[in-house]
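Worksheet: one structure, shown below.
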2 protein chains.
Amino acid sequence: MIIEAATKSFSLFGYKATTIDQVARLANVGKGTIYTFFRNKEELFDEIIKSLIKEMKDTADASIDPELSFYENVHRALYSILRYRKEHQLTIKLFQEERDMGTPAVIDVMVKLEQMILKYIAEQIIVAMEKGEIKQCDPELTAFVMLKLYISLIFDWEKTREPLRKEQILELFELYIFKGLSK
Amino acid sequence: MIIEAATKSFSLFGYKATTIDQVARLANVGKGTIYTFFRNKEELFDEIIKSLIKEMKDTADASIDPELSFYENVHRALYSILRYRKEHQLTIKLFQEERDMGTPAVIDVMVKLEQMILKYIAEQIIVAMEKGEIKQCDPELTAFVMLKLYISLIFDWEKTREPLRKEQILELFELYIFKGLSK
DNA sequence: GAAATGACCAAATGGACGAATCGGTCAATT
DNA sequence: AATTGACCGATTCGTCCATTTGGTCATTTC
């Protein structure tokens, strides 16, 4: 009940604007009860983020299709993960709070989230290299480049221009990262 | 004298923290004098940014060597332009002010700066396509991807990891954008 | 007697409001 | 005709103090 109430409140109001009193009220428990299960507000927050990360990972895993090529699978996994930022209440709120207020606890969590995504991609890259599907490269750096390219295409491009369609993003991803511009 | 004093003050204190009184004092003129040459604070600022842009353009032009390949020239031009952000007092200050305070006038200017860079790269890309050096692609979008990749490699990567050397960046740029990861 | 509770505390936050500072004007001066 | 700084309204700053916040713990509950 506490986790459910806290998730709802964090999603609606963000980390800073969520008070323990409110979570206790929403969860129909006394305030002290929360502190028998969580050492403090941040630990409660971390617990919720832990399930969020698990959920994202599962979604990404589910989006991968062994029949398809590596680059298409990376595209699918990345796309499904990054859709969270745009469509899930909690991640939207946290993303805004990080940008607008710079709440330290939120920054911490967003860094963790990015690290998890990078680790996930890097693992896929290592497998693809072992299979001989792609050239030898630094997995960490390649994952970083892929993620940044995606974020640019999905979030930054839309700030000033017409949003790109899903297939367009796939094409661009293929063109720039896999095939290369050289003739 | 006014422009010189204003440039110094903007570089040292940023846009918001620079007062017209201070510029007048530094320039050894009365405050009213400034308003006979510039309609307001923002116009004075824009004038200074105009010379900054010209300076950046000249530096980029100078860094291009017709003997070298297209991708190496793009790398050189981008690298020299982006070095401004790291080494020039004024751009450093403005970059910080945009990130930390979100001063509207500064955001405006930084958007203009980015547009100028994108336009510059797009022009280079169009020429390279005409020469048949690279595949057909959307110049605007390609310029966008190149710039974002560069910014990621030069600024974002360094936030949490060992900075990349110049040659490393060149190699990565070649690998991801030009050759592609596919075998 | 273990778990739950809410009154309680120190610390952080947020208005309220007067003082100070800001960008910009303009009559007086050079 | 060009320059100036006193001056103006608007915004920001600093300093209160009342309120709220995260967290504790003696008391109550089952």
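Because the structure is predicted, anything quoted here is derived from the model rather than measured.
A donor and an acceptor atom, one from each side chain of B:T59 and B:Y84, are located under 3.5 Å apart.
Listed in residue order, the members of residues 93-107 of chain A having a heavy atom less than 4.0 Å from DNA chain C come to none. Only at 4.0 angstrom or more do the heavy atoms of residues 4-12 of chain A sit from any atom of DNA chain C, so none qualifies.
Rounded to whole Å, the distance from CG on A:L44 to P on D:dT21 is 16 Å. Between B:R25 atom CZ and D:dT4 atom C1' the separation is 15 Å, expressed in whole Å. What separates CD1 of B:I34 from C1' of D:dT4 is a distance of 12 Å, to the nearest Å.
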Mind listing the side-chain donor-acceptor pairs of residues 152-161 of chain A below 3.5 Å, one per line with the distance, residues two or more places apart or on another chain?
{"residue": "A:S152", "atom": "OG", "partner": "A:K148", "partner atom": "O", "Å": "2.9"}
{"residue": "A:D156", "atom": "OD1", "partner": "A:K159", "partner atom": "NZ", "Å": "3.3"}
{"residue": "A:W157", "atom": "NE1", "partner": "A:E162", "partner atom": "O", "Å": "3.0"}
{"residue": "A:E158", "atom": "OE1", "partner": "A:K86", "partner atom": "NZ", "Å": "3.1"}
{"residue": "A:E158", "atom": "OE2", "partner": "A:K86", "partner atom": "NZ", "Å": "3.2"}
{"residue": "A:R161", "atom": "NH1", "partner": "B:E140", "partner atom": "OE2", "Å": "2.8"}

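Side-chain heavy-atom separations under 4.5 angstrom define the hydrophobic clusters, and the remaining members of the one that includes B:L12 are B:F13. Chaining together hydrophobic side chains whose heavy atoms lie under 4.5 Å apart leaves B:M1 on its own.
At least one side-chain heavy atom of B:I48 sits under 4.5 Å from a side-chain heavy atom of B:L90. For the pair A:I49/A:L94, a side-chain contact is recorded, criterion being any heavy-atom separation below 4.5 Å from C-beta on.
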Exercise. For B:D61 and B:K57, run salt bridge (Lys or Arg N to Asp or Glu O under 4.0 Å): C-alpha distance rounded to whole Å, both residues' side-chain angles, the deciding distance at 0.1 Å, then the answer.
Key: CA-CA 6 Å; B:D61 281 333; B:K57 215 174 217 156; over 6 Å; no

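No salt bridge links B:K112 with B:D108; every basic N to acidic carboxylate O contact stays at or beyond 4.0 Å. Contact check on B:D21 versus B:R25 returns no salt bridge, with no Lys/Arg side-chain nitrogen under 4.0 Å from an Asp/Glu carboxylate oxygen.
Counting non-hydrogen atoms of neighbouring residues, nucleotides and ligands closer than 6.0 angstrom, the CZ atom of B:R83 reaches no more than 12 such neighbours.
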Quiz item: In the 5'-to-3' direction, what one-character label does each nucleotide of nucleotides 23-30 of chain C receive under the scheme B = base within less than 4.0 Å of a protein heavy atom, S = sugar-phosphate only, - = no such atom?
Solution: BBBB----

